[in-house]
Amino acid sequence: MLAVTETNQPPRVLIVDDDADIRTGLVDVFERAGFSAASAGNVAAMERALATNGADLIVLDLMMPGEDGLSACRRLSGNGRPPIIMLSALGDDADRIVGLEIGADDYMAKPCNPRELVARARAVLRRRGDDTAAPGERVRFAGFRIDIARRELVDPDNVVIPLSAGEFRLLRAFVEHPQRVLSREQLLDYAFDNDGDVFDRAVDVQVSRLRRKLERPGGAEIIRTVRGEGYLFAVKPTL
Amino acid sequence: MTPRARGLPVAAYLGALVALALAAAFVATLAVVIWLPPRPPDVMREDLVAGHFQVGYDRTVTTGRPPPETGLVWNIRNAPPRTEDSPPMAALQHRLAAALHLSGGQVRVAARHVAQHDVFVFRVRDVEGEAPPEHAPGEASPPESTVSRRVVVVRDGGADVTIEHASDEASEAEAAIPARLPHVAPPAPPPPPPPLPPLFAPAPEGVMLISGFEIGAQLPDGRWLTMRQGRNWAEISWIARAALIIAAALASLSLLAIAFARRLTRPIRNFSEAVQAVGVNPQSEPVTEEGPQELRGAARAVNAMQTRLRALIADRTKTLAAVAHDMRTPLMRLRLAAENAPPEQRERMAKEIGEVEALVASFIAFARDDPAEEARVRIDLTALLQSIADDHTQAGRGVEFDAGERIIVTGQSLGLKRLFSNLIENALKYGAAARITMSRSEGMILVDIDDDGPGVPAEQRETVFEPFVRLSEGGRGAGLGLPAARSIARAHGGDVVMLDRAQGGRVRVTLPA
C-alpha cells in the first residue's frame, strides 16, 4: 500500500458531525491511524476551522441542524477545497449517487467500519495526488460514457451496461491511465483493493469480461493485450 | 375553490356539430334547387304520342316486329289493352283510328293523367283585370268566355268543359297529324322504315299533355300492338345529378365530422395518457389543460392531486430521513465504542451492529420504496445479472449465471439491481448456491433464480411475498426482500413468483421485453 503522503506532516482531517460521541470517536480513530484530527459540530464551525487551520480532508455528516452537509459540500465544491468524504445516515444507492454527484469524493453510510473509513480517507488523499476524475464527473471514450457516481457504463446506443464492482474499478483504472501499458500487478493494485487472495488469473478473467461488455460490432479494440506486459487502454478518454 | 375551467363544454361541441350537419343538409338542398335544371316532365304531348304510335304501327305492319325503343315499350299481344272510359281519350282514340284507317273499336287509348298546357294567360288576366296583354288580339271570343274556358283548363281530364275545349284546341294541333297521314298510309312497304318522330317538343298553348298512357291498335292479323310509356330516362339522369350533389354534401360533412371528432377526442386521449403517466410517476409532467371545458376541469383536478401526491412523497422522504438518522446515529456511536473493546469482542459487536443495520436498512428501503422515483433507461439485463453474479463470486459465494444472448430492457437501473440482488441474496440465504437462467417467452423475459435449499411449500408460495413474513424461525432479515422485489417487478409491468421445482426453490421474474 502506498504511504499517505511522504511529508513529515501528518494529514489533517476535519470531522464534521452534530453528534458529540461520534465526533470524539472518529477523532480517536483517525489519530490512532496517524492523522491529525480536528472536529466541528456544524457547518459554521467547520468554516471557522477551515479558515484558521485548514484541512487536507473533511469527513462530513449529511444531516445536521442548520445547514446540511449536501449544501455545504455543494458550496465548497470548486478549486482548492479539500476532498470530502460524506458520512451519512442515508445509505441507499440513490443517496450515495446524490452525494457523489454533488461533489463528494467518497460516500459512506453510518454505521460504518471505522477502519474502512480510514482506508477510504487514505485512498481519497492518494487519488488527489493523481489528478483523476472526480466521482461526480462523466468520462467519455469511444462513444461510451462512464457515470462514476452511479458506477455505470452507458454504451453508444444509450443502453446502461451494469458493471460488477471489480469491472468498474478495473475500467476506472484504465480510464485514469489511458494509453499506457498496465501490468497485471498494477491492475490488481488499482482494482482489487489488494485483498491478497486475488491472482493474476483473476485479472485476466475480469479484463476479458470487461472487454466483452465494451465490444461493439465494427468498433475499435478498446483494451489491447500487450504480450508479456499487461493491458493497454487504447483510446483517449475525455471529461 | 378552483375557478371555472376555460374552454367550451362538450355539449357546445356536439351542438356545433349538429348545427353544421343541418347547415350542410340545407346547402345541399339549396344546391339541388339552384344548380339543377327543372325536373324533366314525364308528360308528353298527346299529338306527338299519337303521331309516334302511328309511325310505329305502320312499321310493325310492314316489318312484323314492334319497333325497338328505350323510352316507350312496344308489345304485340292477343288481348286489347285495358282502357278507361275517359272522354278526352275517346277523342284521341277516335282521331287515331281515323288516321290508321281502323274502326273505333280497334284502337284503345288509356292515360293515367291528362292535363292541358294552358295556364299563363289566365293568371295574367286575373291580375291585370280587363285586358289580357298576352291574349292574342285576333281572338274573337269575349273575355268572359275566355275566363270560363281557361278556369277549367288545368283540371284533370274528365270535366265536360275540358273536353269541349280540348277538342277545340286539339283541332289546331291536329293539323300536324293529318299532314303526316299520307306518308304512312297503306301503300307499298318502303324498304327502310322511317325513323320514329321525336317524342318531346315544346308544347304550344292548349295542347293536351298525357302521362302513364297506353295505346293499343289491332294489327291486321287480329293481334294488338301496344305502346306503353316506359321509364323516363331523362328523369333518371336528373335524379343521378341530384344524388351526386347530395353525396358531395354528405362527403364533405363527414370529413368535417371526422375532423371534429378528432378535435374532440385528441385531448381526451392525451388526457388519459397523461393521467396514466401520473399514476406511474408522480414526478411526471403536469397534465396539459386543453380541449373541452369538462376535460380542462378534470386535468386541473389531476394536477392538484399530483401536487398533493408530490408533497406527500416529500414529507415521507423527510420523515424517513429523520428515522434513518435517529436509528443510525446510535449504531454509529456503538460501532465507534466497539473500537475500544478487545478485538474478539469488537468483531462480535460489529457483527451484531451490522445485523441491526441491515434490518434498519431494509425497513427504510421498503418504506421509501417508490418505484416511480427513478428514471427509466435502457439497460443491458444480461450485463446486470452478470455483474451481480460476479460480485457474489468475488465474495466467495456460489452464484452461477449462463449468459446467453444480450437482452436489453427499459427500466430503472437501481430498481432492477435491487430486485435481482434481493432475490439472489434470498436464494443464498436458504441454499448454498444460486443459479440464474434467462430466457424469452411470448414477449416476456423470464429470469429464473434457482437455489439448492429446501424450497418453499406450495401453500406458502404466495405468503412469502407479504411484508414481514419469514419462513424459518431462525431466519435473519426483516422479511422485506421478496415483497420489495415483487413491487419493483410489478412497477416494471412484470412479476415475481415462486415456482415448483423437484429440488430446491425457484423464483421466476417476468419482465416485459
Side-chain angles (χ1 to χ4, degrees), chain A residues 17-29 32 61-64 68 87-97 108-115 117 147 150-155 157-168 192 195 197-198 202 205-206 209-210 212-213 215, chain B residues 317 320-340 350 353-354 356-357 360-361 364-365 368 370 373-374 377-396 403 406 408-418 420-421:
Chain A
D17 198 306
D18 61 322
D19 189 280
D21 287 346
I22 291 178
R23 276 203 307 272
T24 51
L26 284 177
V27 165
D28 261 14
V29 166
R32 249 181 273 160
D61 184 23
L62 195 86
M63 280 184 286
M64 286 183 290
D68 69 16
L87 186 58
S88 162
L90 297 177
D92 254 23
D93 277 354
D95 302 313
R96 197 174 52 80
I97 288 163
M108 288 194 82
K110 288 178 187 173
C112 65
N113 182 340
R115 274 156 298 142
L117 177 61
D147 190 326
R150 290 179 166 265
R151 290 168 154 224
E152 270 172 4
L153 175 68
V154 183
D155 81 356
D157 299 329
N158 250 336
V159 175
V160 174
I161 316 285
L163 298 175
S164 73
E167 286 162 350
F168 178 76
F192 293 90
D195 278 353
D197 52 352
V198 185
V205 170
Q206 295 281 352
R209 286 223 173 108
L210 185 58
R212 210 176 310 143
K213 288 184 176 176
E215 220 169 60
Chain B
T317 309
L320 283 172
V323 169
H325 181 262
D326 291 354
M327 289 172 101
R328 281 173 173 150
T329 302
L331 284 177
M332 185 71 205
R333 277 191 222 132
L334 267 178
R335 188 67 187 78
L336 284 168
E339 287 301 299
N340 296 322
I353 291 167
V356 177
E357 152 59 15
V360 171
I364 289 170
R368 92 188 262 181
D370 197 341
E373 273 177 41
E374 200 195 338
V377 291
R378 296 211 303 141
I379 180 165
D380 186 335
L381 189 63
T382 315
L384 174 70
L385 293 171
Q386 181 74 67
S387 71
I388 297 174
D390 285 352
D391 282 341
H392 281 289
T393 314
Q394 201 78 42
R406 189 165 173 246
I408 291 166
V409 294
T410 300
Q412 298 162 327
S413 150
L414 293 180
L416 289 176
K417 192 171 177 187
R418 194 142 75 85
F420 290 108
S421 295

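Here is the naming used below: chain letters follow the sequence lines, and residue numbers restart at 1 for every chain.
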Practice task
Check whether A:I161 gets within reach of chain B through its side chain, its backbone, both or neither, counting any heavy atom under 4.5 Å.
Solution key: both

Fill in the blank from the handout: Turns out that what part of B:D326 lies under 4.5 Å from chain A's heavy atoms comes down to neither

Handout entry: Salt bridge flag under 4.0 Å for residues A:K110 and B:E357
Key = no

Exercise for the section: Give a yes-or-no answer on whether the side chains of A:Q206 and B:Q394 include a donor-acceptor pair shorter than 3.5 Å. Expected result: yes

Exercise for the section: First locate atom CG of A:L153, then atom OG of B:S387, and finally report the distance between them rounded to the nearest 0.5 Å. Expected result: 11.0 Å

Handout entry: Point-to-point distance, once rounded to the nearest 0.5 Å, from CG of B:L336 to CG of A:L117
Key = 9.0 Å

Handout entry: Lys/Arg N to Asp/Glu carboxylate O, B:R333 vs A:D19, below 4.0 Å
Key = yes

Handout entry: Stepwise side-chain contact (heavy atoms from CB on, under 4.5 Å) check, A:N158 with B:V377
Key = CA-CA 8 Å; A:N158 250 336; B:V377 291; over 6 Å; no

Problem - B:A350, part contacting chain A, at a heavy-atom distance under 4.5 Å - result: neither

Exercise for the section: Please state whether the side chain, the backbone, both or neither of A:L62 comes within less than 4.5 Å of a heavy atom of chain B. Expected result: neither

Exercise for the section: With a 4.5 angstrom heavy-atom cut-off, could you sort out which part of A:N113 is near chain B: side chain, backbone, both or neither? Expected result: both

Problem - A:D155 CG to B:R406 CZ distance, which is reported to the nearest 0.5 Å - result: 5.5 Å

Handout entry: Least distance between heavy atoms, A:C112 atom then B:M332 atom
Key = N-SD, 3.5 Å

Exercise for the section: Could you tell me whether the side chain of B:D391 and the main chain of A:S164 form a donor-acceptor pair under 3.5 Å? Expected result: no

Problem - Heavy-atom proximity to chain B below 4.5 Å, by part of A:V159 - result: both

Problem - Residue among B:I379, B:N340, B:T382 with most heavy-atom pairs under 4.5 Å to chain A - result: B:I379

Practice task
Please indicate whether B:K417 has more than 12 foreign heavy atoms, meaning atoms of other residues, nucleotides or ligands, lying under 6.0 Å from its NZ.
Solution key: no

Practice task
Could you check which of A:R32, A:M63, A:E167 has the highest count of heavy-atom pairs closer than 4.5 Å to chain B?
Solution key: A:M63

Fill in the blank from the handout: Separation between CD (A:E152) and CG (B:L384), nearest 0.5 Å, reads 9.5 Å

Exercise for the section: Tell me, with the steps shown, if B:E339 and A:V29 meet side-chain contact (heavy atoms from CB on, under 4.5 Å). Expected result: CA-CA 8 Å; B:E339 287 301 299; A:V29 166; 4.2 Å; yes

Problem - Check: B:D390 main-chain N/O paired with A:R209 side-chain donor or acceptor under 3.5 Å - result: no

Fill in the blank from the handout: Cut-off 4.5 Å, heavy atoms of chain A, and the answer for B:A321 is both

Exercise for the section: With a 4.5 angstrom heavy-atom cut-off, could you sort out which part of B:I408 is near chain A: side chain, backbone, both or neither? Expected result: side chain

Exercise for the section: Select one option (side chain, backbone, both, neither) describing which atoms of A:D17 are under 4.5 Å from chain B's heavy atoms. Expected result: neither

